[in-house]
Colleague: 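Sending over a structure as structure tokens; questions will come in a sec.
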2 protein chains.
Amino acid sequence: MALSHTILTFLSECAHSGYDLGKRFEDAVSCFWKASHQQIYRELSKMEGLGWVEAEAIAQQGKPDKKLYRITESGRKELESWFELPCIPTPIREDLLVKVLAGSYLSRSVLIQQLTDRRSLHQAQLDCYREKEHAFLKVDNPEEHLVFRYLTLRRGIRYEVEWIDWCNEVLAAIS
Amino acid sequence: MALSHTILTFLSECAHSGYDLGKRFEDAVSCFWKASHQQIYRELSKMEGLGWVEAEAIAQQGKPDKKLYRITESGRKELESWFELPCIPTPIREDLLVKVLAGSYLSRSVLIQQLTDRRSLHQAQLDCYREKEHAFLKVDNPEEHLVFRYLTLRRGIRYEVEWIDWCNEVLAAIS
DNA sequence: TTGACATAGCCAACAAGTTGAGTATAAGGT
DNA sequence: ACCTTATACTCAACTTGTTGGCTATGTCAA
């Protein structure tokens, strides 16, 4: 049920359309939460059914109509009680680890390819996060909101660094 | 489809029952792949339908009958071609990060509780992995299989360390 | 003028993962 | 005598996430 709570968190700040939410997932929380437009739209209708959000149809000129969603009192309560619930860590499922575990059955060159490909992927992501980090660190006396967002970004940065380091460790071990 | 390939990797070594596989997932790869018994049993029947594995019923004394699964030629081919496919990194979805992002809406004490709880969870897991690491490092001239398994364990260790460090970073930042 | 991209949403089918129950036997502890 | 744990597997219902298609309009570049 945590996708809905992530959405509720965004709606706590201000009203969003499903489309807006999709973009926020893309550029604000992609380092720890992935959600497709389809998933978001479906979740929003479910949440409307539960009474956690309210929709208002907005006609726009030059653009299609949109539905603006607002958090309700009941949604706010739901979110607050969720905050206090213990978090269950996400189960991990990583294909690449399976390939390393099966290392004896793979040709060395394929394994190296898999690892170097993966490393560049994480390097690219890291570069992107580093830029965001740099932008934040230039701000004097940042708002609390921004600080919390920065702390989640730090998690993303650590995640990427850790992947790169591990790829390097494995590459060193097998050559 | 990667659960089936993880199973195929285990079956490459030797025949397993669904129950055996469940235990191997628990103690050998839990640091990067979680799978319930139910999931494994269902996946095995699907794989039997695809011809990737063959089942043999084994009667046992004092224990229930079991089904021993063996990888087939077609399963082996499937696995080999999967090895060469590019890996898509697992999308991340972490409740705790949502709570940190929403930090302004949580009471400081709840947030601290969430972070310290999470940190102890990862600390306990890390201790367990450290023991396994220690056991491996005592072996002289380990088999290649064991080396690859160790490398996946290293990933698990890095993962836990990284979580602990990040929790500490956030805790330091908010107090 | 044609195609790509952004805006804005909907639906259906499928794949994957979770939860909870049910069926059995045997070993070991309280 | 009863309870828990381990072995061993099955089924059903549900939630979550993915894939691909569909409907529109407007802008910008090749």
Side-chain angles (χ1 to χ4, degrees), chain A residues 1-8 15-27 29-30 32-50 52-53 55-69 82 87-95 98, chain B residues 1-8 15-27 29-30 32-50 52-53 55-69 82 87-95 98:
Chain A
M1 294 289 256
L3 172 58
S4 49
H5 296 93
T6 312
I7 293 173
L8 286 177
H16 285 79
S17 69
Y19 192 80
D20 293 339
L21 285 166
K23 280 195 299 177
R24 294 215 56 182
F25 272 88
E26 275 285 294
D27 64 50
V29 297
S30 61
F32 63 90
W33 206 284
K34 311 274 178 196
S36 64
H37 288 282
Q38 285 70 19
Q39 233 188 310
I40 292 163
Y41 286 128
R42 189 174 47 175
E43 201 67 25
L44 282 169
S45 12
K46 214 182 72 185
M47 288 161 76
E48 202 183 352
L50 289 165
W52 295 353
V53 297
E56 187 196 347
I58 306 274
Q60 300 181 108
Q61 60 272 56
K63 289 179 192 175
D65 294 358
K66 67 174 177 181
K67 273 191 188 173
L68 204 59
Y69 286 93
W82 179 76
C87 284
I88 295 133
T90 314
I92 312 175
R93 287 178 189 97
E94 279 289 352
D95 292 16
V98 179
Chain B
M1 295 289 257
L3 171 59
S4 49
H5 295 93
T6 311
I7 293 173
L8 286 177
H16 284 78
S17 70
Y19 192 80
D20 294 339
L21 285 165
K23 280 195 297 176
R24 294 216 55 182
F25 271 89
E26 276 285 294
D27 64 50
V29 298
S30 62
F32 63 91
W33 206 286
K34 310 274 179 198
S36 63
H37 288 284
Q38 285 71 18
Q39 233 188 310
I40 291 164
Y41 287 127
R42 187 173 49 178
E43 201 67 26
L44 282 168
S45 13
K46 213 183 74 186
M47 289 161 75
E48 202 183 353
L50 289 165
W52 294 355
V53 297
E56 187 196 347
I58 307 274
Q60 300 180 110
Q61 61 273 55
K63 288 179 192 174
D65 294 359
K66 66 175 177 180
K67 274 192 188 172
L68 204 59
Y69 286 92
W82 179 75
C87 283
I88 296 133
T90 314
I92 312 176
R93 288 180 188 94
E94 280 288 353
D95 291 16
V98 179

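By convention in this document, chain letters (A, B, ...) are assigned in the order of the sequence lines, proteins followed by strands, and residues within each chain are numbered from 1.
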Colleague: Using a cut-off of 4.0 Å on non-hydrogen atoms, how would the nucleic acid contact of Lys67(A) be classed: base, sugar-phosphate, or nothing?
Modeller: sugar-phosphate
Colleague: List the residues meeting ring pair (Phe, Tyr, Trp, His ring centres under 6.0 Å) with Tyr41(B), not counting sequence neighbours, and say none if there are none.
Modeller: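 So Tyr41(B) forms no ring pair (Phe, Tyr, Trp, His ring centres under 6.0 Å) with any residue.
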Colleague: Is there any protein nitrogen or oxygen under 3.5 Å from a nitrogen or oxygen in nucleotides 20-28 of chain D, and what are the pairs?
Modeller:
| residue | atom | partner | partner atom | Å |
| --- | --- | --- | --- | --- |
| dG26(D) | O4' | Gly62(A) | O | 3.4 |

Colleague: Specify the closest pair of heavy atoms between Asp95(A) and Ala2(B), including all atoms of both residues, with the distance to one decimal.
Modeller: OD1-CB, 3.2 Å
Colleague: Calculate, to the nearest 0.5 Å, the distance between atoms CG and CE belonging to Leu8(A) and Met47(A) respectively.
Modeller: 3.5 Å
Colleague: With a 4.0 Å heavy-atom cut-off, tell me which residues in residues 15-26 of chain B come close to DNA chain D, sorted by residue number.
Modeller: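 Here the set is Ser17(B), Gly18(B), Tyr19(B), Lys23(B).
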Colleague: Figure out the CG/P separation between Leu68(B) and dT7(D), and round it to whole Å.
Modeller: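 It works out to 16 Å between those atoms.
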Colleague: Given dT16(D), dC9(D), dT18(D), identify the nucleotide with an atom nearest to the side chain of Lys46(A).
Modeller: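 Looking only at heavy atoms from C-beta outward on Lys46(A), the closest nucleotide is dT16(D).
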Colleague: For Ala35(A), which residues count as a side chain to side chain contact (heavy atoms under 4.5 Å, CB included) partner, sequence neighbours excluded?
Modeller: Leu3(A), Phe25(A), Trp33(A), Gln39(A), Ile40(A)
Colleague: Quick one: which residue pairs count as a salt bridge (charged side-chain N to carboxylate O under 4.0 Å, His left out) with a foot in residues 16-27 of chain B, not counting sequence neighbours?
Modeller: Glu13(B)-Arg24(B)
Colleague: Rounded to the nearest angstrom, tell me the gap between atom CZ in Arg42(A) and atom P in dC14(D).
Modeller: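 To the nearest whole Å, that distance equals 15 Å.
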Colleague: I need the CD1-C1' distance between Ile58(B) and dA8(D), as an integer number of Å.
Modeller: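 Value for this atom pair: 13 Å.
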Colleague: Which pairs pass salt bridge (charged side-chain N to carboxylate O under 4.0 Å, His left out) with one or both residues in residues 34-49 of chain A, sequence neighbours excluded?
Modeller: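 Matches after skipping sequence neighbours: Glu43(A)-Lys46(A).
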Colleague: Given that Lys34(A) and Lys66(B) both sit by DNA chain D, which one's nearest nucleotide is further toward the 5' end?
Modeller: Lys66(B)
Colleague: The helix from dT1(C)-dA30(D) to dT30(C)-dA1(D): angle between its terminal axes, five pairs each, to 10°?
Modeller: 30°
Colleague: Between His37(A) and Tyr19(A), does the ring centre distance come in under 6.0 Å?
Modeller: yes
Colleague: The criterion is side chain to side chain contact (heavy atoms under 4.5 Å, CB included); which residues satisfy it with Glu56(B), sequence neighbours excluded?
Modeller: Ile58(B), Arg70(B)
Colleague: List the steps and the verdict of side chain to side chain contact (heavy atoms under 4.5 Å, CB included) for Leu21(A) and Ile7(A).
Modeller: CA-CA 7 Å; Leu21(A) 285 166; Ile7(A) 293 173; 3.8 Å; yes
Colleague: Using whole Å, report how far NE2 of His37(B) lies from C1' of dT10(D).
Modeller: 14 Å
Colleague: Give a yes/no on whether any side-chain N or O of Arg93(B) is located under 4.0 angstrom from OP1 or OP2 of dG17(D).
Modeller: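 Yes, within the criterion.
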Colleague: Using side-chain hydrogen bond (donor to acceptor under 3.5 Å, both in side chains) as the criterion, list what pairs up with Ser30(B), not counting sequence neighbours.
Modeller: none
Colleague: For Leu50(A), what residues pass the side chain to side chain contact (heavy atoms under 4.5 Å, CB included) criterion, not counting sequence neighbours?
Modeller: Trp52(A)
Colleague: How far does CG of Leu68(B) sit from NE2 of His16(B), to the nearest 0.5 angstrom?
Modeller: 9.0 Å
Colleague: Can you pull the contact range of chain B along DNA chain C, 5' to 3', using atoms under 4.0 angstrom from its heavy atoms?
Modeller: dA16(C) to dA26(C)
Colleague: Using 0.5 Å steps for rounding, measure from the CG atom of Asp65(B) to the OG atom of Ser17(B).
Modeller: 12.0 Å
